[in-house]
Amino acid sequence: MPEAVAPATPTDTGARAATSLTPTLRGGLHRARTWIAIAAVAVLGAVVLLVLQGRVSGGGTPLGADNPGPAGAKAVVEVLRAQGVEVGEVSTFDAARSAARDGATVVVADVAGFLEPERLAELAGSADRLVVIAPDFASLDALADGVRLAGSASGPLERAGCALPAAERAGTLSDGQRLLRIDDEARAAGWQGCFPDGEFGVALAEGPSDGGRITVVAAPTAFANDTIDEAGNAALALGLLGETAELTWYVPGLEDVDAASAPTLGELTPGWVTPVILLTIALVVAAAVWRGRRFGPLVAEDLLVDVPVAETREGRARLYERSSVRTHALDQLRIGALGRLLGLLKLPRSADAREIAVSAALATGRAPHATERLLVDEEPADDRRLVELAAAIHELEAEVRRTLRPDADPTQTTERPGRPS
């Protein structure tokens, strides 16, 4: 808004440069450039994170039979179906156990660890053929006493090293395998290992169960879509899963989680979280006390210095200008002019703005609707129009004064608004 809203003395008129202080879009963007940069970095980081998560997870359940992503297992499932194997997908323990009792080979891909070890042991006792992919320590302990996880392989595994037909057909496995260690008691019970990595362990272990045979594959690389075509991975997966005409692909879900045995939030939370939370609360309280002590109850007191009227007027005009409230600024000029016209025209104090405008028009010979529009209705579209309306209001007031008081001192008229600075 131009500074013309705050009238200036005649000596100040024209002495200032016509520089507009109206806020512009370019200026606002320049002042907010820091926050814009921070927001752009945050949005870019979120997009990168979403892209990376999409690449890692593939947008579906890891080792899911219907997941075409890199971590899914849809490729091996489709090949098995093309070879005549009837593949069923289940996500609950009861459905998997029912399929096992009907004689189907059951594949358990519990990458998320939802299935309780006791239920896995119960499923092993019901199935004639059970294949477990990437079990954790507790699940492996429930399946086979004497078979333990033994770290990762040092590289690709070049030989089967066992008499398992599926392993012999595969011959080799790709890099990225995990290892299992079979102790002497487990070997004596009938467990054998395939694809050894020297003396460190084996990538696959097979042994007896109460209901049939169990095959444990330590890593998911032989079944995942992005690695199944490496080395002999596909041959091993098809050989293990295609032995029977029916295959049940079981990926445990939240329905299989036992709420009574599920870990609490305190058990899942790392030990350093609680001290950090307490320290943060203490810091927030200390900061509130430190900053809050400066503020007390509101106290009304007289100013110790005199503030010139012109300075107050100019400050208010600048506030109007920065907020671009042209109509409000013009209303302040109109209120002052209407009050002075009310006294010049000798109208009662109950007269409204339109009555004053009509009386001013009659006194000066102007059109009533034009005067009423000037003093009441018109809104300034821009800063230039605001200056023009302010000058017109001043001119109307001066004309009324000259008409009703021709002998009045012209220097006692209202101050003419200055030019925008």
Side-chain angles (χ1 to χ4, degrees), residues 52-83 85-93 95-97 99-100 104-117 119-120 123-124 127 129-140 142-143 149 152-153 166 170 173-180 195 203-206 214-244 246-257:
L52 292 179
Q53 287 181 342
R55 290 182 178 179
V56 172
S57 63
T61 305
L63 290 183
D66 58 346
N67 182 7
K74 187 174 182 179
V76 66
V77 170
E78 293 301 323
V79 173
L80 288 170
R81 285 172 175 165
Q83 293 179 352
V85 179
E86 182 179 349
V87 181
E89 305 171 24
V90 298
S91 59
T92 61
F93 172 77
R97 182 176 56 184
T105 298
V106 179
V107 180
V108 180
D110 188 17
V111 178
F114 289 140
L115 189 63
E116 295 293 328
R119 287 194 166 189
L120 183 59
L123 184 62
R129 188 83 175 85
L130 181 67
V131 179
V132 182
I133 304 173
D136 55 18
F137 284 96
S139 299
L140 191 57
L143 285 175
L149 294 175
S152 301
L173 288 182
S174 66
D175 193 8
Q177 304 298 320
R178 298 173 186 171
L179 299 179
L180 303 168
F195 301 103
L204 181 150
E206 189 196 41
I214 302 175
T215 302
V216 178
V217 183
T221 53
F223 307 91
N225 294 333
D226 60 340
T227 54
I228 191 173
D229 59 344
E230 299 177 2
N233 292 352
L236 177 65
L238 296 174
L240 292 176
L241 307 181
E243 292 184 358
T244 59
E246 294 183 4
L247 175 69
T248 298
W249 197 282
Y250 174 37
V251 179
L254 292 174
E255 299 86 352
D256 296 325
V257 177

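Residue indices begin at 1 and follow the sequence shown. Worth saying up front: this structure is predicted, and the values here are computed from it rather than measured.
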Could you tell me whether the side chain of [Y] reaches within less than 4.5 Å of the side chain of [X], counting heavy atoms only?
X      : Y      : result
Val79  : Ile228 : no
Thr105 : Val85  : no
Thr248 : Val107 : no
Thr221 : Leu173 : no

I'd like to know if the side chain of Asp110 reaches the main chain of Pro252, judged simply by a donor and an acceptor atom lying under 3.5 Å from each other, with no hydrogens or angles considered.
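Flag not set: sc Asp110 to bb Pro252 has no pair under 3.5 Å.
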For Trp249 and Leu63, indicate whether the former's side chain and the latter's backbone hold a donor-acceptor pair under 3.5 Å.
yes
For the CG atom of Leu115 and the OH atom of Tyr250, what is their distance to the nearest 0.5 Å?
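Reported value, rounded in 0.5 Å steps: 4.5 Å.
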Would you give the length of the straight line joining atom CG of Asn233 to atom CZ of Phe223, rounded to the nearest 0.5 angstrom?
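It is 9.0 Å, given to the nearest 0.5 Å.
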Yes or no on side chain to side chain contact (heavy atoms under 4.5 Å, CB included) for Leu204 and Leu240, after CA distance, side-chain angles and deciding distance?
CA-CA 11 Å; Leu204 181 150; Leu240 292 176; 3.8 Å; yes
Ignoring hydrogens, what is the shortest heavy-atom contact between [X] and [Y]? Give both atom names and the distance.
X      : Y      : value
Ala109 : Val251 : O-CG1, 3.8 Å
Ala224 : Pro70  : CB-O, 3.8 Å
Glu230 : Ser174 : OE1-CB, 3.3 Å
Ala124 : Leu143 : CB-CD2, 3.8 Å
Leu179 : Ser152 : CD1-O, 3.7 Å
Ala100 : Val106 : CB-CG2, 3.7 Å

Could you tell me which residues satisfy side-chain contact (heavy atoms from CB on, under 4.5 Å) with Asp175, sequence neighbours excluded, listed by chain and number?
Pro156
Using the side-chain contact (heavy atoms from CB on, under 4.5 Å) criterion, which residues pair with Asn225? Sequence neighbours excluded.
Lys74, Ala75
Does atom CD of Glu86 have more than 12 heavy-atom neighbours from other groups under 6.0 Å away?
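Atom CD in Glu86 is not crowded, with 12 or fewer foreign heavy atoms closer than 6.0 Å.
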List the atom pairs, donor and acceptor, that lie under 3.5 Å between side-chain atoms in residues 129-138 and the rest of the protein, sequence neighbours left out.
{"residue": "Arg129", "atom": "NE", "partner": "Glu243", "partner atom": "OE1", "Å": "2.9"}
{"residue": "Arg129", "atom": "NH1", "partner": "Thr215", "partner atom": "OG1", "Å": "2.8"}
{"residue": "Arg129", "atom": "NH2", "partner": "Thr215", "partner atom": "OG1", "Å": "3.2"}
{"residue": "Asp136", "atom": "OD1", "partner": "Ser139", "partner atom": "N", "Å": "2.8"}
{"residue": "Asp136", "atom": "OD1", "partner": "Ser139", "partner atom": "OG", "Å": "2.7"}

